[in-house]
Amino acid sequence: MEANPRKSIGKRVPSEKPPFTLATLKKAIPAHCFHRSLLRSFSYLVYDLSVCYALFYVAKTYIPILPSPLNYVAWPIYWFIQGAFMTGIWVIGHECGHHAFSEYAWVDNIVGLVLHSALMTPFFAWKYSHRRHHSNTGSLTHDEVYLPRFEDTIPWYSKHLNNPVGRVIRIVSMLFLAFPLYLLFNASSQKHDRFANHYDPYSPIFNDSERLQVVISDAGIFTALYVFYSVSKAHGFAWFFCTYLAPLLVVFALFIIITYLHHTNPTLPHYDNSEWEWFRGALSTIDLDFGWLNRVLHHVTNTHICHHLISTIPHYHALEATEAIKPVLGDYYQIDSTPIHKMLYRAAKECIYAEPDHDSKDKGVYWYRAYKEKN
């Protein structure tokens, strides 16, 4: 069952208190959608790993013997396809972080730690910061990521990038640098009274009960780095880059594309403390239609609204759950089927800072504006 895919975004998502409750939405979802099957979850993981191994085997065996320039064309094709399926594996790790993989928390933690470590993501550290994002979505003061700027905080260099070339530069740099910078320096996240990152167990991001698991995440990352070093030493860095590191960069890029576009859209409201409440914040996101990539990415793209409302529903039930709640959501459900490159460019052009509508009585509801736009 597919979530209504061919609807482009147009009007704003309603910002007023919805006429339904979370209990109403849960009641609309078939009971089996809440069931997490260990066997079924592992079947998707095994499938993804099998596809990735097959792609790796073909690439390492046949691309090097292709005549030039075919080999130079084949490698980027491999990087993108392999990166897409590796992102699917990352999504399964993300489900583990939400306890949506199985009924057993310890299984979810082990599987998530292994998968995310292999993909250079500190599992527990990210799990806890991501949980705070889910708890504070749409809040201008407490959300964890993709916080809009205010007009008086726009960097001085922004006006020099307010042109087609500048926007492309911003997009490309964001795709490949934003995720590592977020993990290393907490970039584009909440400000703290001291330095914060996802590797320091005493970072202000974490509380005392989480610090030991952050150390375990670090151990997972160091183990992965050691494996990477050993493989590079045995086969050469160029071989390692072409077979694994380049697809990993695609994972980072796809992760940013998905999460950025889910939360950065001219139609989405943000709230200050006078207006924010969890339910309205959870509804201030949007589904995306990425075509054939939806399936490869386990529909993390086009079931995001449902995910923010009930994050323990596994991906293989999320489409059915989305269809079930759409009649209840009404205008609170929107999906954007604009081509990906156009969505990215639109966000870079129209989502520069946020402010309330000048003629609105709801001064605690903020909307994205283009650079120097005046109401």
Side-chain angles (χ1 to χ4, degrees), residues 9-26 98 128-155 158 182 186-194 196 203-207 259-287 304-311 325 328-334 336 346-375:
I9 192 68
K11 58 185 177 181
R12 285 175 168 179
V13 173
S15 60
E16 54 271 5
K17 188 173 183 178
F20 49 83
T21 65
L22 182 61
T24 308
L25 295 174
K26 288 183 176 180
H98 283 290
Y128 293 130
S129 66
H130 186 64
R131 179 183 296 172
R132 290 181 179 86
H133 161 60
H134 272 258
S135 299
N136 298 282
T137 307
S139 168
L140 288 168
T141 52
H142 298 294
D143 200 353
E144 183 67 25
V145 288
Y146 297 120
L147 296 163
R149 296 180 184 275
F150 301 116
E151 187 175 15
D152 59 359
T153 64
I154 298 174
S158 181
Y182 170 64
N186 212 39
S188 299
S189 185
Q190 282 292 343
K191 304 300 181 186
H192 297 277
D193 56 2
R194 61 185 181 87
S203 169
I205 300 172
F206 312 114
N207 61 43
T259 55
Y260 175 68
L261 294 177
H262 273 149
H263 297 285
T264 311
N265 191 294
T267 65
L268 297 178
H270 288 76
Y271 305 96
D272 69 12
N273 288 338
S274 69
E275 291 282 348
W276 183 86
E277 56 185 26
W278 177 84
F279 195 40
R280 291 166 73 189
L283 290 167
S284 62
T285 183
I286 192 170
D287 281 359
H304 191 249
I305 297 172
C306 180
H307 172 67
H308 261 271
L309 294 166
I310 312 166
S311 59
I325 64 175
V328 182
L329 290 172
D331 288 340
Y332 287 85
Y333 178 83
Q334 300 213 38
D336 197 342
R346 180 187 61 204
K349 181 180 180 181
E350 300 181 18
C351 301
I352 304 302
Y353 66 95
E355 67 178 7
D357 287 338
H358 294 197
D359 57 354
S360 173
K361 67 180 188 304
D362 297 323
K363 296 304 180 183
V365 181
Y366 287 64
W367 301 94
Y368 273 116
R369 302 280 189 250
Y371 188 73
K372 294 293 186 184
E373 177 188 339
K374 298 295 182 184
N375 241 11

Exercise: identify the closest heavy-atom pair between [X] and [Y]:
| X | Y | result |
| --- | --- | --- |
| P14 | P269 | O-CG, 4.5 Å |
| S139 | N273 | OG-OD1, 4.5 Å |
| Y260 | A347 | OH-CB, 3.5 Å |
| A196 | P204 | CB-CG, 3.8 Å |
| N186 | Q190 | ND2-O, 3.2 Å |

Sequence neighbours left out, what passes side chain to side chain contact (heavy atoms under 4.5 Å, CB included) with [X]? Give chain and number order.
| X | result |
| --- | --- |
| T153 | R149, F150 |
| K349 | R167, Y345 |
| S311 | H98, H134, H307 |
| A354 | P148, Y366 |

Taking atom [atom1] of [X] and atom [atom2] of [Y], what is their separation to the nearest 0.5 Å?
| X | Y | atom1 | atom2 | result |
| --- | --- | --- | --- | --- |
| Y146 | N265 | OH | CG | 13.5 Å |
| L147 | T264 | CG | OG1 | 10.0 Å |
| L22 | L283 | CG | CG | 9.0 Å |

Do [X] and [Y] have side chains that approach each other closer than 4.5 Å (heavy atoms only, starting at C-beta)?
| X | Y | value |
| --- | --- | --- |
| T267 | D336 | no |
| I325 | Y333 | no |
| L329 | I305 | yes |
| V13 | I286 | no |

Whether [X] side chain and [Y] backbone form a donor-acceptor pair below 3.5 Å:
| X | Y | value |
| --- | --- | --- |
| E277 | K17 | no |
| R132 | I205 | yes |
| R12 | P266 | no |
| R280 | S15 | yes |

Under the side-chain hydrogen bond (donor to acceptor under 3.5 Å, both in side chains) test, residues paired with [X] that sit two or more places apart:
| X | result |
| --- | --- |
| T21 | T24 |
| T137 | H308 |
| T285 | H304 |
| H270 | none |

Exercise for the section: Could you walk me through whether W276 and N136 pass side-chain contact (heavy atoms from CB on, under 4.5 Å), step by step? Expected result: CA-CA 9 Å; W276 183 86; N136 298 282; 4.2 Å; yes
Problem - Residue pairs involving residues 135-146 (criterion salt bridge (Lys or Arg N to Asp or Glu O under 4.0 Å); sequence neighbours excluded) - result: none
Handout entry: Chi angles and distances behind the side-chain hydrogen bond (donor to acceptor under 3.5 Å, both in side chains) call for Y182, S189
Key = CA-CA 7 Å; Y182 170 64; S189 185; 4.8 Å; no
Practice task
Could you list the residues that satisfy ring-ring contact (aromatic ring centres under 6.0 Å, His included) with Y271, not counting sequence neighbours?
Solution key: none
Problem - Residues forming a ring-ring contact (aromatic ring centres under 6.0 Å, His included) with F20, sequence neighbours excluded - result: F279, Y332
Completion exercise
Exactly one of H263, H262, H142 clears ring-ring contact (aromatic ring centres under 6.0 Å, His included) with H133, and that residue is H263
